[in-house]
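In what follows, every chain begins at residue 1, and chains take the letters A, B, ... in the order their sequences are listed.
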Protein chains: 2
Amino acid sequence: MGMLPGLIGFNLRCAHLALFQHFSATVGQEDITAPQFGTLLLIEANPGISQSAIAGALRFDRSTLVQIIDRLEGRDLVVRQVSPKDRRSHALRLTESGFALLEQLKELAISHEDDVAGALSTDERDQLIDLLKKLYSRG
Amino acid sequence: MGMLPGLIGFNLRCAHLALFQHFSATVGQEDITAPQFGTLLLIEANPGISQSAIAGALRFDRSTLVQIIDRLEGRDLVVRQVSPKDRRSHALRLTESGFALLEQLKELAISHEDDVAGALSTDERDQLIDLLKKLYSRG
DNA sequence: TATTGTTATACTCTATAACTATA
DNA sequence: TATAGTTATAGAGTATAACAATA
């Protein structure tokens with residue numbers, strides 16, 4: 001395998017691929033992608049949040065958020081309301097079905113998480129998250 | 001941010017994104033993507049390797065390898081030879097320019113690696129790779 | 001029958017650039 | 001002049017399905 005197994009990038013790629021596939025097979029049963037799931041969580045935690053704020057938090061372009069919200073709104077999980085404070089921006093909220101689905105998704109996500117972290121102890125899991133945060137929290 | 005910061009998947013995604021962008025800005029100067037780089041390394045380490053073997057090692061579909069090799073062959077970095085052992089398969093080898101470019105790429109990759117791992121100690125770096133391997137080496 | 005590579009095709013994810021409405 | 005969102009478009013990355021040649 002040459003130098004590949006010693007590179008952070010290669011191992012990150014493999015892990016990301018494996019997790020992504022497992023996510024699709026579990027949480028994805030409900031036809032939700034990881035960016036969509038993250039968006040729903042942010043709206044739940046911050047009712048009335050704007051598209052740009054989500055884009056900033058998830059490190060996406062504004063135009064990418066348009067498409068994510070389009071799909072979620074098309075499925076009646078999210079509504080765009082005109083913000084009373086700034087009429088350029090949209091205040092996003094979960095619908096009833098949005099809340100209901102998100103509850104299911106969170107349960108699926110937890111069992112997905114437990115499943116993929118099955119090979120790790122609790123300490124190792126915390127360590128891993130810590131190291132990953134260090135990796136992307138600067139630069 | 002809701003439950004996001006506590007999820008392995010979210011942190012893996014952010015780290016992967018950050019590394020991918022850094023890779024593009026450094027190793028990618030030579031118009032080489034991560035899968036192309038991995039492919040070149042595998043061919044160098046295993047002259048005469050087949051497309052399917054690479055696909056297996058990198059966890060890609062066979063049809064994806066066709067396109068990767070197409071691009072590398074189009075740039076005269078790799079050649080497809082008919083395998084003497086199994087005339088269905090292609091024995092892949094680096095060209096002179098392939099070898100030359102790969103030398104440059106390896107240097108770039110090492111400094112890319114040092115750069116992104118700058119926030120980590122040597123121990124932490126080894127730990128991270130170890131934990132990532134555990135994550136994808138089963139299931 | 002099974003496997004290697006190929007083709008044609010399509011889908012997802014993401015971004016860029018130009019636009020509008022509002023600030 | 002700057003910002004929020006939108007549109008149209010494009011590119012990268014990857015996969016599926018059907019096919020030819022070979023095993």
Using atom CD1 of B:Ile68 as one end and atom P of C:dG5 as the other, report the distance to the nearest whole Å. 13 Å

Contact residues, residues 16-50 of chain B to DNA chain D [heavy atom, < 4.0 Å]: B:Thr33, B:Pro35

Rounded interatomic separation in angstrom, taking CZ from A:Arg71 and C1' from C:dT12: 7 Å

Using a 4.5 Å cut-off on heavy atoms from C-beta on, say whether the side chain of B:Arg13 contacts that of A:Pro35. yes

side-chain hydrogen bond (donor to acceptor under 3.5 Å, both in side chains) partners of A:Lys133, counting only residues at least two apart: B:Asn11

Under the side chain to side chain donor-acceptor pair (under 3.5 Å) rule, what pairs show up with a residue in residues 35-50 of chain B, not counting sequence neighbours? B:Glu44-B:Lys106

Chain B reaches DNA chain D, atoms under 4.0 Å from its heavy atoms, from D:dG13 to D:dA23

Atom pair distance, as rounded to whole Å: CD in A:Gln67 and P in C:dA15: 10 Å

Electrostatic pair B:Asp31-B:Arg71, nearest N-O below 4.0 angstrom: no

Rounded to whole angstroms, how far apart are CG on A:Asp70 and P on C:dC13? 14 Å

Evaluate the ring planes of B:Phe23 and B:Phe37, with Trp represented by its six-membered ring, and classify them as parallel (under 30°), tilted (30 to 60°) or perpendicular (over 60°). tilted

Please list, chain by chain and in numerical order, all residues satisfying salt bridge (charged side-chain N to carboxylate O under 4.0 Å, His left out) with A:Glu107, sequence neighbours excluded. none

Students often get this wrong, so: under 4.0 angstrom with heavy atoms, is B:Ser63 touching a base, only sugar-phosphate, or nothing? base

B:Arg80 side chain N/O closer than 4.0 Å to the phosphate oxygens (OP1, OP2) of C:dT6? yes

Tabulate atom names and distances for all N/O pairs under 3.5 angstrom spanning the protein and nucleotides 1-3 of chain C.
{"unit_1": "C:dT3", "atom_1": "O4'", "unit_2": "B:Arg88", "atom_2": "NH1", "d": "3.2"}
{"unit_1": "C:dT3", "atom_1": "O2", "unit_2": "B:Arg88", "atom_2": "NH1", "d": "2.8"}

Step by step, would you call B:Gln81 with B:Arg93 a side chain to side chain donor-acceptor pair (under 3.5 Å)? CA-CA 8 Å; B:Gln81 300 174 336; B:Arg93 295 183 194 287; 2.7 Å; yes

OP1 or OP2 of C:dT14 under 4.0 Å from side-chain N/O of B:Arg13: yes

Validation row: B:Asp76, B:Glu96 side chains within 4.5 angstrom (heavy atoms): no

Are A:Arg80 and A:Asp70 ion-paired here, with the side-chain N under 4.0 Å from a carboxylate O? yes

Is there a side-chain contact between B:Leu128 and A:Leu135 (heavy atoms, below 4.5 Å)? yes

